[in-house]
S.K.: 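Please find one structure pasted underneath; my questions will follow.
So you know, we letter chains A, B, ... as the sequences are listed, proteins then strands, and number each from 1.
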Protein chains: 2
Amino acid sequence: MTLEHAILGFLDRGSMTGYDLKTRCFDEAVGHLWTADQAQVYRTLGRLSDQGFVRSRIVAQRGKPDRRVFTITTKGRAELTAWLRRPIDLSPVRDPLLVQLSLAAQLGDHEVLALLERARDGYQARLDTLRAAQADRPSLADAPDARSEALYDMTLVAAMSAARTAIDWVDDCIEKVGRGLPPAAPRATSEGVA
Amino acid sequence: MTLEHAILGFLDRGSMTGYDLKTRCFDEAVGHLWTADQAQVYRTLGRLSDQGFVRSRIVAQRGKPDRRVFTITTKGRAELTAWLRRPIDLSPVRDPLLVQLSLAAQLGDHEVLALLERARDGYQARLDTLRAAQADRPSLADAPDARSEALYDMTLVAAMSAARTAIDWVDDCIEKVGRGLPPAAPRATSEGVA
DNA sequence: GTTTTTTATATGTCTAGTCATATACTTGTG
DNA sequence: CACAAGTATATGACTAGACATATAAAAAAC
């Protein structure tokens, strides 16, 4: 449901095409909070249209393909407002990297270290991207009002502090592994562990 | 692919049933890293069996239903090891709550505050759960060797510091909103925003 | 004494999301 | 001049995951 309402939220700031939503909104503006697949943006727009939450008109262009410009309807605006007031459950943690780490007892210390260092690089790269985004702030879907910007800034800060925390955590782990992990217990001969 | 390999990882510590995997491994031990749907555990076990990564035998019980006990094969163990060494991409952020916040400009300060306070409660509850998990540590699928425990502990610490950071961030936001957010720009009369 | 919980496996259906590919014209790069 | 990249929409096919439901019997709770 998030994609649906995120699209309504963007369209509420100004009418635009599926292409704009994908490139300007999801890739540029909120790529650090939510990514959207192009195919799904168009399919979701179709569904929103069926539900009467958005309306579209075709705008012809010279040279370039026709644009199908979507506009939020009164009904769509009502739905958006209702969703904004609706409490959202915390999204459950779902981190393949941590799963891998927790199961990595059979790897040697140096291999665990390599795993952690790759993770560190990843988080660092993410942090750099976020810092760049904060510096030359993308024009959030043509609606830069001060209130939106303040909220947008909060989400940037959230993402950045999460990345920083992750980096610190990885560094701690690297240090711990550097001092040596406890050895693995000898493997059970075969089957009978039950 | 994570569920597949997580299951292989657990079976590597000892043979067990789908039920055990769901309740003892995913719900209890690594619920803070990865949740698994019961239906999907069984279907994934089926697929692993087709691929020759696990083997199963039926064990009859009095009173209770038959158990289908799964054991990892040599091929499965090889696959697990290969996966453990395989670099994993950082999972992209995907946070409905932040999306909601970033689009919430049309809400009043008190409504944004309510949203943030619910989030705070959620993160606090998560942190409490994690602390409890650290205190009476679940017996990680019958294979408590020191190396596994050290790695498991790292993942607990990761989850806890993430939760703590989130709480701090929410508190900052609450304070900021308490001092008043900038007002929203007057809404465009209708269509013509392009 | 009835209901709920626990143990145990399995299928059907649905949604969300991913990946690939098709079309078509323009502009910029090598 | 050829090729890649940008603009723009759309469908087909697939995977992962969520939710509901079925069966079945014992044990525990009310």
Side-chain angles (χ1 to χ4, degrees), chain A residues 1-8 15-28 30-31 33-51 54 56-70 83 88-96 99 194, chain B residues 1-7 15-28 30-31 33-51 54 56-70 83 88-89 91-96 99 194:
Chain A
M1 304 275 96
T2 304
L3 183 61
E4 227 152 24
H5 293 101
I7 288 177
L8 287 179
S15 303
M16 60 186 120
T17 65
Y19 187 81
D20 293 333
L21 280 165
K22 166 64 177 157
T23 55
R24 293 226 302 278
C25 298
F26 289 102
D27 290 351
E28 279 174 40
V30 293
L33 309 179
W34 197 271
T35 52
D37 184 76
Q38 177 260 124
Q40 201 160 352
V41 169
Y42 283 105
R43 270 192 265 252
T44 303
L45 281 168
R47 217 181 325 131
L48 288 171
S49 199
D50 293 344
Q51 292 172 289
V54 303
S56 69
R57 67 208 126 94
I58 307 292
V59 177
Q61 294 186 113
R62 292 158 285 140
K64 293 177 194 169
D66 288 358
R67 288 161 58 86
R68 188 173 163 197
V69 180
F70 288 87
W83 176 74
I88 285 188
D89 283 335
L90 238 57
S91 42
V93 185
R94 204 164 191 73
D95 193 331
V99 174
Chain B
M1 304 280 92
T2 304
L3 183 61
E4 227 152 23
H5 293 101
I7 288 178
S15 302
M16 61 187 119
T17 65
Y19 186 82
D20 293 332
L21 280 165
K22 165 63 177 158
T23 56
R24 293 226 302 278
C25 299
F26 288 102
D27 290 349
E28 279 173 40
V30 294
L33 308 178
W34 196 270
T35 52
D37 184 74
Q38 176 261 122
Q40 201 158 353
V41 168
Y42 284 105
R43 269 192 265 253
T44 304
L45 281 168
R47 217 180 325 130
L48 288 171
S49 199
D50 293 344
Q51 292 171 291
V54 302
S56 69
R57 69 208 126 94
I58 307 292
V59 177
Q61 294 186 113
R62 293 158 284 139
K64 295 178 192 168
D66 287 358
R67 289 161 56 86
R68 189 173 163 198
V69 179
F70 289 87
W83 177 73
I88 285 189
D89 283 335
S91 43
V93 185
R94 204 166 190 73
D95 193 330
V99 173

S.K.: Considering only heavy atoms from C-beta outward, does the side chain of Tyr19(B) approach that of Val41(B) to under 4.5 Å?
M.R.: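 Not in contact.
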
S.K.: By nearest heavy atom, map Met1(A) and Phe70(B) onto DNA chain C; which one lands nearer the 5' end?
M.R.: Phe70(B)

S.K.: Take atom NZ of Lys22(B) and atom P of dA18(D), then tell me their distance rounded to the nearest Å.
M.R.: 9 Å

S.K.: Of all the choices, dA10(C), dA16(D), dA24(C), which nucleotide is nearest to the side chain of Pro65(A) once you look at every atom?
M.R.: dA24(C)

S.K.: How about Met1(B) and Pro96(A): do any of their side-chain heavy atoms sit closer than 4.5 Å?
M.R.: no

S.K.: Tell me, please, which residues at least two apart from Trp34(B) pass ring-ring contact (aromatic ring centres under 6.0 Å, His included).
M.R.: none

S.K.: Output the distance between atom CZ (Arg94(A)) and atom CG (Leu33(B)), rounded to the nearest 0.5 Å.
M.R.: 11.0 Å

S.K.: Could you tell me the separation between the CD1 atom of Ile58(A) and the C1' atom of dT7(D), rounded to a whole number of Å?
M.R.: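 Going from CD1 in Ile58(A) over to C1' in dT7(D) covers 15 Å.
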
S.K.: In this structure, how many angstroms lie between the C1' atom of dA16(D) and the CG atom of Leu48(B), rounded?
M.R.: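 Whole-Å distance recorded here is 14 Å.
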
S.K.: Assign Thr17(A) to base, sugar-phosphate, or nothing according to its heavy-atom contacts below 4.0 angstrom with the strands shown.
M.R.: sugar-phosphate

S.K.: Please determine whether a side-chain nitrogen or oxygen atom of Arg47(B) lies at a distance below 4.0 Å from atom OP1 or OP2 of dT15(D).
M.R.: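 Answer no for this pair, as no side-chain N or O of Arg47(B) is under 4.0 Å from OP1 or OP2.
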
S.K.: Looking at dA8(C), I'd like to know if its phosphate oxygens (OP1 or OP2) sit under 4.0 Å from a side-chain N or O belonging to Arg67(B).
M.R.: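 For Arg67(B), the contact criterion (side-chain N or O under 4.0 Å from OP1 or OP2 of dA8(C)) is met.
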
S.K.: Please list each protein N or O that sits under 3.5 Å from an N or O in nucleotides 3-5 of chain D, with the distance.
M.R.:
none

S.K.: For Asp27(B) and dA18(D), what is the distance between atoms CG and C1' respectively, to the nearest whole Å?
M.R.: 14 Å

S.K.: With rounding to the nearest 0.5 Å, note down the distance linking CG in Asp95(B) to CG in Leu90(A).
M.R.: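 One gets 7.5 Å once the value is rounded to the nearest 0.5 Å.
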
S.K.: What are the two closest heavy atoms between Glu4(A) and Thr44(A), and how far apart are they?
M.R.: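 Looks like CA-CG2, 3.8 Å.
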
S.K.: Looking at Tyr42(A), I'd like to know whether one of its side-chain N or O atoms comes within less than 4.0 Å of OP1 or OP2 on dT9(D).
M.R.: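 So the side chain of Tyr42(A) is within the cut-off, an N or O lying under 4.0 Å from OP1 or OP2 of dT9(D).
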
S.K.: Would you confirm whether Arg68(B), through its side chain, and Thr17(B), through its main-chain N or O, come within 3.5 Å as a donor-acceptor pair?
M.R.: no

S.K.: Checking side-chain contact (heavy atoms from CB on, under 4.5 Å) for the pair Asp20(B)/Arg67(B): CA distance, chi angles, key distance, verdict?
M.R.: CA-CA 10 Å; Asp20(B) 293 332; Arg67(B) 289 161 56 86; 3.3 Å; yes

S.K.: How long is the gap from CZ on Arg47(B) to CD1 on Ile7(B), to the nearest 0.5 Å?
M.R.: 8.5 Å

S.K.: Without decimals, in angstroms, what is the distance between His5(A) NE2 and dT15(C) P?
M.R.: 15 Å

S.K.: Atom pairs, N/O to N/O, protein against nucleotides 18-23 of chain C, distance under 3.5 Å?
M.R.:
residue, atom, partner, partner atom, Å
dT18(C), O4, Arg43(A), NH2, 3.3

S.K.: Just the rounded figure in Å: distance from P of dA8(D) to CG of Leu21(A).
M.R.: 12 Å

S.K.: Would you say a side-chain N or O of Tyr19(A) is under 4.0 Å from OP1 or OP2 of dT7(D)?
M.R.: yes

S.K.: Assess the residue pair Leu8(A) and Leu48(A) against the criterion (side-chain contact (heavy atoms from CB on, under 4.5 Å)); give the C-alpha distance rounded to whole Å, side-chain angles, the decisive distance to 0.1 Å, and a yes or no.
M.R.: CA-CA 9 Å; Leu8(A) 287 179; Leu48(A) 288 171; 4.2 Å; yes

S.K.: Can you check the Asp50(B) CG to dT15(D) C1' distance for me, whole Å?
M.R.: 16 Å

S.K.: Find the distance Glu4(A):CD to dG17(C):P and express it as a whole number of Å.
M.R.: 10 Å

